[in-house]
Amino acid sequence: MELTFWGVRGSIPSPGPATVRYGGNTSCVSLRLSDGALVIIDCGTGARNLGLSLMQGPFGQGKGHATLLLSHAHWDHIQGFPFFTPFYVAGNSFTIYGGARTPGLLEQVLEGQMAAQYFPVQSFRNMGARLDVRALSEGEPVRVGAATVRAAYVPHGVTPALAFRIEDAGRTLVYMSDAGYGADGVTEGAVGLCRGADLLIHDSTYTPEDRALRLERGLSSLDEAVDCAVRAEVKRLALFHYDQDYGDHEVDQLVARGRRGLDERGAKGVEILGAAEGLMVTI
Ligand SMILES: [Zn+2]
């Protein structure tokens, strides 16, 4: 699998001179499967650049198909949706999976941000491409191209978020953004979903000190990402979904601190990287 990060920021875009290296766009990742199928995970503002790049290929001619997995519908995970150019090309088709109880509810949420008061197109039914919205149930694997996708809920404030485990040709990616564990820390369920992953993308919004000040936001600290990686015995950990107020320097420090945390836990063999816009990883 070939993965590309298009947006790695949490909560709100944060462009500017302090974020040029890691990037200021919100959550969006693309994944090219072993059979060439395209999976997109989350649709934050990073999806705009992904869309522009896809327009160079079949999506520009109305011959593209992709599957979009939505972890949840907070702004930073859907705000790129109305600005994803391939949605406006007739002939393209998309299967959209999200964690609502019904497809109708998920559609309502996605339509909500395109209501006339917020956006001129008014409905994603007017965008041109065919969008097939489906509700994804926890524990019921779905087949996407050559891959099997399993989803599990992680706590995230008032409404949970979905995490995804994607297995393709003997390789495993886990995407776990927006995980707000309780006082007992990383849950057994989260560790189980991440078990043995070749790459774990884990919410690392805060330092532990900053997280303690913002518990109500339902997001992880770096230490929880490290703990999950160690307990699940993953091979590589990508820090992700950085706080909007962290510049490149602070993210560098998160990565360095994560390296020390892994070493102290006896996990010297686990690679750690800071997700950055444009970074490509082969899994
Ligand atoms: Zn988020």
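Because the structure is predicted, anything quoted here is derived from the model rather than measured. Atoms within a ligand are numbered from 1 in the order they appear, just like the ligands themselves.
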Engineer: Tell me whether the rings of Phe84 and Phe94 are parallel (<30°), tilted (30 to 60°) or perpendicular (>60°).
Structural biologist: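 Plane angle over 60°, so perpendicular.
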Engineer: Would you please indicate yes or no on a ring centroid separation below 6.0 angstrom for Phe119 and Phe83?
Structural biologist: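 Judged by ring-centre distance (under 6.0 Å), Phe83 and Phe119 do meet the cut-off.
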Engineer: For Tyr175 and Phe240, I'd like to know if the aromatic rings sit close, meaning centre-to-centre distance below 6.0 Å.
Structural biologist: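 Judged by ring-centre distance (under 6.0 Å), Tyr175 and Phe240 do meet the cut-off.
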Engineer: How about His74 and His156: are their ring centroids closer than 6.0 Å?
Structural biologist: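 Here the rings of His156 and His74 have centres that are less than 6.0 Å from each other.
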Engineer: Near the Zn ion (ligand 1), which protein N/O/S atoms are found at less than 2.8 Å?
Structural biologist: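 Per the 2.8 Å query on the Zn ion (ligand 1), atoms found are Asp76 OD2, His77 NE2, Asp178 OD2, His241 NE2.
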Engineer: Taking only residues two or more places apart in sequence or in another chain, which ones pass side-chain hydrogen bond (donor to acceptor under 3.5 Å, both in side chains) with Thr45?
Structural biologist: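 With neighbours one apart ignored, the set is Asn25, Thr26.
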Engineer: State yes or no: are the ring centers of Phe87 and Phe81 separated by less than 6.0 Å?
Structural biologist: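 Yes, the ring centres sit under 6.0 Å apart.
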